[in-house]
**Student:** 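Starting off with a structure, shown below.
Chain A is the first sequence line, chain B the second, and so forth, proteins listed ahead of strands; every chain is numbered from 1.
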Number of protein chains: 2
Amino acid sequence: MAERKAVERHSGVALWRQIADGIRVFIADGACRDSGLLPPAADLAERFGVNRHTVRAALAFLADEGLVESIQGYGTRVVDKRQLTLPISRRTRFSAGVGDQAASASIQLLRSAEGPAAGEVAALLRLAPGEAIIEVEEAGYVDSRPVSCSQHFFPARRFAGIAAEIVATGSITRAFAALGLTDYLRASTDVSARHADARERELMRLSPGAIVLETRSVNTDLDGVPVQCSTTRFAADRISLRMTP
Amino acid sequence: MAERKAVERHSGVALWRQIADGIRVFIADGACRDSGLLPPAADLAERFGVNRHTVRAALAFLADEGLVESIQGYGTRVVDKRQLTLPISRRTRFSAGVGDQAASASIQLLRSAEGPAAGEVAALLRLAPGEAIIEVEEAGYVDSRPVSCSQHFFPARRFAGIAAEIVATGSITRAFAALGLTDYLRASTDVSARHADARERELMRLSPGAIVLETRSVNTDLDGVPVQCSTTRFAADRISLRMTP
DNA sequence: GATAGTTGTCTAGATTAATAGACAATGTGC
DNA sequence: GCACATTGTCTATTAATCTAGACAACTATC
């Protein structure tokens, strides 16, 4: 199973970048779980059919990301950096979902605004067009590392002041509780994946070509009345999702 | 909300490629749903802060993908190419999931093999290490367009000959039925996203830097006994997932 | 038909990515 | 200590990408 141009020229993605992406998959497949070492750069160069310098550029990029560490005279070590798995179920909560996979999880409010509901958001929240909604933008951190950024919409009449509560409590679940909603359920979650745009790259410190997992979800109270609809983007190299019925 | 460096130099992704990815998101956000036309190339060039020729390279790439169509003297039109949404629930089925979103859906068997269960697959199927399993590789097509490729594992004792049944019936659901299993349920689905590797690019005709949505799932019979575990990769620009509880 | 706005094509030059080779620096094992 | 394998650094060359400008070809509108 050797050889072969796993890389393509003139594709708009630099060879070293393609190789970096390839090595990331290689590591994720657990191909060097035993020694914890990547094959030598010269071997990789032969495998990918490129010059050693090109592989070095790929490794430097991955080292900058913190995924590997090159040690002169020894080799290139894979740094254990497991992807977090976020459970998605009827009771999806960010902090609780991170659970004991990390020491800390928090969200930071970026922006909030109030305005009339329109289009898709109005339909998902089952509001008449023009009814007031509160929009909240927020970023999620795990152990001080940005892993997500979200846009949430709430019906303004029922949840007036929720932005302040989110800041005060550092959690949407607790903000809901403070406003009298002690439990809520996830009605549906749409999942897609695409390249990060400029804003997402900035917020989550991603490089061009990086991937975001985008979820669009609706939460309802126990009577099935929509209380929140959200779009969340996760840095795909840091988070995966586990859907359980 | 104008201007500036939505693109990054020295990132390993060519500017025209970053711009193509940006325009794809731009279109997906419905930014030009009214006229069906993209802004002129000169405008886009100014917006992204690059030369018009660079934008032209991006548009040529997207035209090659079939997402846009440039007409001399007129403009660049967005070709309606909606993403399919595949429902993921307790009763997830590929063909039925595509449903009326397309004229036809089919799978093609690529490879099958039998061997001893090991590691993760053995654990997920609750088999003793060494018990026989059947491995099946298959590609999914919608309207003759490749949208997915999968790797499935079945306990060999219970489903001997399933590969032949899949070929005969063109469906895993019908293959199960032919072997006496008329109903089964999805127990869990893990979702992650990453860059396509060389094989996936070839099977689904993707370019370097393209994204795959990878699902890892386990199906059980109605008694909760595992009957199948699978890894499926979807071309992220053609498929999104809808999880419902 | 004239005009303005848009895409298509060509040439040339500057910048960046990739290859090639030589050799230094450092860790491992004998 | 010594040989060996591996990563780190340097120079030089070639190939690809991006910029710049000029102008042709085409469409829609007046």
**Student:** If you check the B/R56 side chain, which of C/dA18, D/dG8, C/dT7 turns out closest?
**Tutor:** C/dT7
**Student:** So what does B/R52 hit on the nucleic acid, given a heavy-atom distance under 4.0 Å: a base, only sugar-phosphate, or nothing?
**Tutor:** base
**Student:** Treating A/E200 as the side-chain partner and A/L206 as the backbone partner, does any N or O pair qualify as donor plus acceptor under 3.5 Å?
**Tutor:** no
**Student:** With no hydrogens and no angle check, do the side chains of B/S230 and B/Q228 hold a donor and an acceptor under 3.5 Å apart?
**Tutor:** yes
**Student:** Look only at the side chain of B/D190 and the backbone of B/T215, and say whether a donor-acceptor pair between them is shorter than 3.5 Å.
**Tutor:** no
**Student:** Please check the phosphate of D/dT19 (OP1 and OP2 only) for any side-chain N or O of B/T54 closer than 4.0 Å.
**Tutor:** yes
**Student:** Take atom CZ in A/R242; do more than 12 heavy atoms of anything else shown fall under 6.0 Å from it?
**Tutor:** no
**Student:** Can you check nucleotides 27-30 of chain D for protein contacts, nitrogen or oxygen pairs under 3.5 Å, and list what you find?
**Tutor:**
unit_1: D/dT27; atom_1: O4'; unit_2: B/G73; atom_2: O; d: 3.3

**Student:** Hey, is the side chain of A/W16 poking within less than 4.0 Å of OP1 or OP2 on C/dA17, counting only N and O atoms?
**Tutor:** no
**Student:** When the distance from CG of A/L37 to P of C/dT28 is rounded to whole Å, what number comes out?
**Tutor:** 10 Å
**Student:** In this structure, how many angstroms lie between the C1' atom of C/dT7 and the CZ atom of B/R77, rounded?
**Tutor:** 14 Å
**Student:** For the pair made of NE2 in A/H53 and C1' in C/dG21, what is the distance, rounded to whole Å?
**Tutor:** 8 Å
**Student:** Tell me whether the count of non-hydrogen atoms from other residues, nucleotides or ligands lying under 6.0 Å of CZ in B/R82 goes above 12.
**Tutor:** no
**Student:** Which whole-number value in Å describes the distance from B/L15 CG to C/dA17 C1'?
**Tutor:** 13 Å
**Student:** When the distance from CD of B/E69 to P of C/dT6 is rounded to whole Å, what number comes out?
**Tutor:** 18 Å
**Student:** Can you tell me the distance, in whole Å, between the CD atom of B/E8 and the P atom of D/dC18?
**Tutor:** 14 Å
**Student:** Please report the distance, rounded to the nearest Å, between CD in A/E46 and P in C/dA18.
**Tutor:** 19 Å
**Student:** Quick one: is C/dT6 close enough that its OP1 or OP2 comes under 4.0 Å of any side-chain N or O from B/T76?
**Tutor:** no
**Student:** Just one of A/E135, A/E137, A/E138 clears the side-chain hydrogen bond (donor to acceptor under 3.5 Å, both in side chains) bar with A/H152, so which one?
**Tutor:** A/E138
**Student:** Please identify each residue that fulfils side chain to side chain contact (heavy atoms under 4.5 Å, CB included) with B/R77, with sequence neighbours left out.
**Tutor:** B/L37, B/E69, B/I71
**Student:** Using a 6.0 Å cut-off, check whether atom OH of A/Y74 has over 12 heavy atoms from anything other than its own residue.
**Tutor:** no
**Student:** Could you run down the sub-3.5 Å N/O contacts of the protein with nucleotides 13-16 of chain D?
**Tutor:**
unit_1: D/dA16; atom_1: OP1; unit_2: A/H10; atom_2: NE2; d: 3.1

**Student:** Look at the side chain of B/P40 and decide which nucleotide, out of C/dA17, C/dT6, D/dT7, has an atom nearest to it.
**Tutor:** C/dT6
**Student:** Do A/R233 and A/Q151 pass the side-chain contact (heavy atoms from CB on, under 4.5 Å) test, and can you show the C-alpha distance, the side-chain angles, and the key distance before you say yes or no?
**Tutor:** CA-CA 9 Å; A/R233 299 114 189 158; A/Q151 205 175 9; 3.7 Å; yes
**Student:** Rounded to whole Å, please give me the gap between CZ in A/F61 and P in C/dA17.
**Tutor:** 13 Å
